[in-house]
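Residue numbers start at 1 and run along the sequence shown.
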Amino acid sequence: MQIDIGTNDGVRPEMTVLNGDGLVGRVLHASSRTSTVVLLSDPASAAGARLEGGKEIGVVHGVGEHGRLVQFRLLDSTAAMSRGGRIVSFGSQHARPYVPGVPIGVIERVESTPGELTRIAYARPYADLTALDVVGVVVEAPKRDPRDAVLPSKEGSR
């Protein structure tokens, strides 16, 4: 996806891109006036994530599916994970490419993975990755991890 801001506006590669609903992706390339963003739903995309209210971490991968779902691979195969669970960004070292605490999505289904070292779920992203209009780029990370503070209310979940 192309956006109409670039290095003249302080945008650099490996910055978080979001909208009012949640995580959209990251800046891949920035020129003086435009930037290329790789969407969270892109199969080449991956972001550190965690379950709401806990310390269980994993990785969200794009799976295509027209932006409707992302895969969440929980690194602890014994941790509880269920439909309706909410996922937020874990953050990256030095907050690049992802800042912590950005809402990612709601788990729709959990796959059975007996004998595996990880658990797999599929989540519906908060951001409608198929109909983006206004997005923002985080040019400076928050001073502290907001944890679950920016998740929408449970009633506000789509």
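Salt bridge present: Glu52 and Arg86 bring a charged side-chain N and a carboxylate O closer than 4.0 Å. Salt-bridge check for Glu56 with Arg119: failed, with every basic side-chain N at 4.0 Å or more from each acidic carboxylate O.
Residues Val88 and Asp148 have side chains in contact (heavy-atom distance under 4.5 Å, counting atoms from C-beta outward). Side-chain contact between Phe90 and Arg50 is present, with at least one heavy-atom pair separated by less than 4.5 Å. When side chains are defined from C-beta on, Pro97 does not count as touching Val27, because their heavy atoms never get closer than 4.5 Å. At a threshold of 4.5 Å between non-hydrogen side-chain atoms, the residues Leu132 and Leu39 count as touching. Residues Thr16 and Leu23 form a side-chain contact, since some pair of their non-hydrogen atoms from C-beta on lies under 4.5 Å apart. The shortest distance between side-chain heavy atoms of Val63 and Tyr122 falls below 4.5 Å. No side-chain heavy atom of Glu116 sits less than 4.5 Å from a side-chain heavy atom of Glu111. By the 4.5 Å heavy-atom criterion applied to side chains, Arg26 and Met15 are not counted as neighbours.
With hydrogens and angles disregarded, no donor-acceptor distance shorter than 3.5 Å links the side chain of Thr7 to the backbone of Ala30. Panel note: side chain Ser32, backbone Asn8; no donor-acceptor pair is recorded below 3.5 Å.
Within 6.0 Å of the CZ atom in Arg33, the count of heavy atoms belonging to other residues, nucleotides or ligands does not exceed 12.
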Trace of the side chain to side chain donor-acceptor pair (under 3.5 Å) decision for Thr36 with Gln2: CA-CA 5 Å; Thr36 302; Gln2 288 289 126; 2.6 Å; yes
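Hydrophobic clustering keeps Tyr98 apart from Ile57 (ILVMFWY residues linked when any side-chain heavy atoms are closer than 4.5 Å, directly or through intermediates).
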